[in-house]
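Heads up, the thing below is written out as structure tokens.
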There are 2 protein chains.
Amino acid sequence: MAEALIAKLRQFTPISARDERALRELSSGHARLYEAGAEIVREGDALEAVRIVLSGWACRYKRLPDGRYQAIGLLLPGDVCTHGVGVVATMDYAIEALGAVTVIEIAPAAFAALLDGSPTLARAFACEEQQCAALQREWALNLGRRDARERLLHLFSELFHRLHDIGLTQDNSYDCPLKQEMLADVIGMTSVHVNRVLQALRREKLIELRGRQLTILDRLALERMAQFNPSYLRLGSVDAGSGID
Amino acid sequence: MAEALIAKLRQFTPISARDERALRELSSGHARLYEAGAEIVREGDALEAVRIVLSGWACRYKRLPDGRYQAIGLLLPGDVCTHGVGVVATMDYAIEALGAVTVIEIAPAAFAALLDGSPTLARAFACEEQQCAALQREWALNLGRRDARERLLHLFSELFHRLHDIGLTQDNSYDCPLKQEMLADVIGMTSVHVNRVLQALRREKLIELRGRQLTILDRLALERMAQFNPSYLRLGSVDAGSGID
DNA sequence: CGCATATTTGAATTCTTTCAATCAACGTGG
DNA sequence: CCACGTTGATTGAAAGAATTCAAATATGCG
């Protein structure tokens with residue numbers, strides 16, 4: 001169950017067998033299961049536990065008073081839901097399960113103890129947080145300066161890389177539980193427009209999207225079109241390359 | 001010179017006289033002066049020092065390979081330019097001076113020593129970082145789900161609050177060195193469109209903008225229209241209210 | 001005064017949304 | 001096994017928002 005988390009942290013820094021054991025121990029602790037649509041965290045809630053997604057996808061989002069909805073981040077297995085425990089008092093965003101999701105909840109004290117006991121893990125989680133911030137910045141670029149088609153291609157590329165890093169891709173495809181409505185909420189458009197853009201991408205043989213399986217037909221071409229540059233995903237350390245180019 | 005920084009950190013937690021002295025000491029250290037347009041940090045640079053803006057405005061931004069430019073954040077006096085020193089190896093964004101800017105550069109070891117010596121300051125800087133992340137999230141909402149007019153109003157509201165917190169507002173106005181071109185780069189639009197929206201806002205007597213002085217004529221009305229909710233600026237602690245409503 | 005930098009304007013075009021309706025897929029109960 | 005309800009995907013037409021390109025004005029500064 002902790003596979004994705006361990007794989008994710010390993011991108012940043014080597015994890016010893018002992019640290020791995022500690023992570024597995026942790027992950028076997030108090031886990032909660034959410035079903036699609038469930039609110040894992042509500043805006044305005046107090047931040048009282050460290051939560052990490054073990055399986056499934058979730059969505060960090062904000063709403064405007066008039067109801068408009070914007071996804072602020074996608075949480076994949078291994079991702080920390082909320083940073084700043086012990087510092088941030090109340091949540092400025094909410095988190096929603098996009099399907100069946102398993103989340104471990106760790107008491108702040110236990111988490112602090114884990115980090116105190118292992119400088120490596122402390123470093124790994126710090127990297128995780130910085131990566132999350134970098135993601136957020138890239139999303140701002142996406143929302144602000146890419147058009148609908150580029151945004152979608154960029155999102156698909158980013159997800160490919162992130163899922164690849166935790167071993168959740170098969171060749172050039174992956175399981176993507178996002179409905180068109182949610183895709184729209186991620187890239188800041190309407191579902192109608194997403195639908196039309198998706199059709200164009202399929203027509204041009206850039207992607208296939210059947211059921212929930214997304215296949216990228218020519219990844220490098222697609223990344224070029226999206227002006228996708230994966231470096232924002234690998235800030236961790238200078239030498240940390242990825243398995244893919 | 002360290003006034004803004006101290007004021008900013010005080011929002012999060014009380015700062016003792018001793019901590020204040022340490023901050024002033026630090027600020028009197030190695031300061032660098034940049035002129036308008038200067039690159040304070042370049043994308044791809046190694047992250048080798050903690051930098052804090054002491055005076056003037058700067059802009060955190062990213063570029064697409066084809067040259068499109070998107071502001072990712074605005075750095076006001078007291079803001080930390082780059083987080084994650086010691087964890088992040090290379091910058092995924094750049095920082096540009098928007099006018100004359102003073103920045104202190106602090107060696108990682110010196111900064112670590114400061115935080116080690118004062119849990120309060122450690123906490124304050126942690127809050128600062130979380131606030132920055134919250135800003136980033138709100139910007140994503142702004143870019144994704146508000147229209148041009150709302151984005152502009154929201155930006156003006158946010159800046160009012162942030163500047164107010166560091167004592168840089170006068171009544172309902174403040175000095176805003178952003179040209180229309182930069183406003184456009186912040187809210188993800190063209191300068192032409194920003195121009196037209198600004199004219200409408202002036203016509204409707206919502207704002208005045210002469211020279212570089214921005215005056216907000218009816219702040220609450222404006223915040224309502226922008227669906228602005230300042231809570232994302234005050235995550236620090238439950239009891240930390242602001243001077244304004 | 002005059003250059004350089006910013007702002008403003010207009011018209012045409014492109015991109016995206018809106019609104020409403022239709023279609024397709026799927027699981028349920030009868 | 002099939003009618004039915006639900007959810008998600010697709011379509012069309014029209015309206016609306018924002019961009020583009022170029023040119024015209026302002027404005028600030030030396």
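Throughout, a chain's letter reflects where its sequence line sits, starting with A, and its residues are numbered from 1. Because the structure is predicted, anything quoted here is derived from the model rather than measured. These numbers come from the heavy atoms of this one structure, side chains and all, not from hydrogens, waters or symmetry mates.
Separating the CZ atom of B:R146 from the P atom of C:dT17 is a distance of 16 Å, rounded to the nearest angstrom. Atom C1' of nucleotide D:dA18 and atom CZ of B:R68 are separated by 15 Å, given to the nearest angstrom. Atom CD of B:E181 is separated from atom P of D:dT20 by 12 Å (rounded to the nearest Å). Rounding to whole angstrom units, CE of residue B:M189 and C1' of C:dT16 are separated by 12 Å. Atom CG in B:N195 sits about 7 Å away from atom P in C:dT9, given to the nearest Å. As rounded to whole Å, 14 Å separates atom P of C:dT17 from atom CD of A:Q180. Straight-line distance from the CG atom of B:L152 to the P atom of D:dA17: 16 Å, rounded to whole Å. We find that CG of A:D147 is positioned 20 Å from P of D:dA17, with the value rounded to whole Å.
Checking C:dT16, D:dA22, C:dA20 against every side-chain atom of A:H193, the shortest atom distance belongs to C:dT16.
Regarding contacts with the backbone of D:dT10, a side-chain N or O of A:R202 is found under 4.0 angstrom from either OP1 or OP2. Remark: A:Q199 is not in phosphate contact with D:dA9, judged by side-chain N or O atoms under 4.0 Å from OP1 or OP2. For the OP1/OP2 pair of C:dT7 and a distance below 4.0 Å, the side-chain nitrogens and oxygens of B:R212 include at least one atom meeting the criterion.
The CG atom of A:L47 sits 9.5 Å away from atom CG of B:L235, with the distance rounded to the nearest 0.5 Å.
Between the side chains of B:S173 and B:Q213, a donor-acceptor pair is found at a separation under 3.5 Å.
In terms of position on DNA chain D, the residue among A:L198 and B:S191 whose nearest nucleotide sits closer to the 5' end is A:L198. Judged by closest nucleotide on DNA chain C, B:K179 is the one of B:K179 and B:R196 placed further toward the 5' end.
What you find for B:R68 and A:R146 is that their closest heavy atoms are NH1-CA, 3.9 Å.
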Open item on the list: Could you go through A:E129 and B:Q130, starting from their C-alpha distance and side-chain angles, then the distance that decides it, and tell me whether this counts as side chain to side chain donor-acceptor pair (under 3.5 Å)?
Closed with: CA-CA 10 Å; A:E129 181 165 353; B:Q130 293 302 326; 2.8 Å; yes
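Heavy atoms of other residues, nucleotides or ligands lying less than 6.0 angstrom from CG of B:D66 number more than 12.
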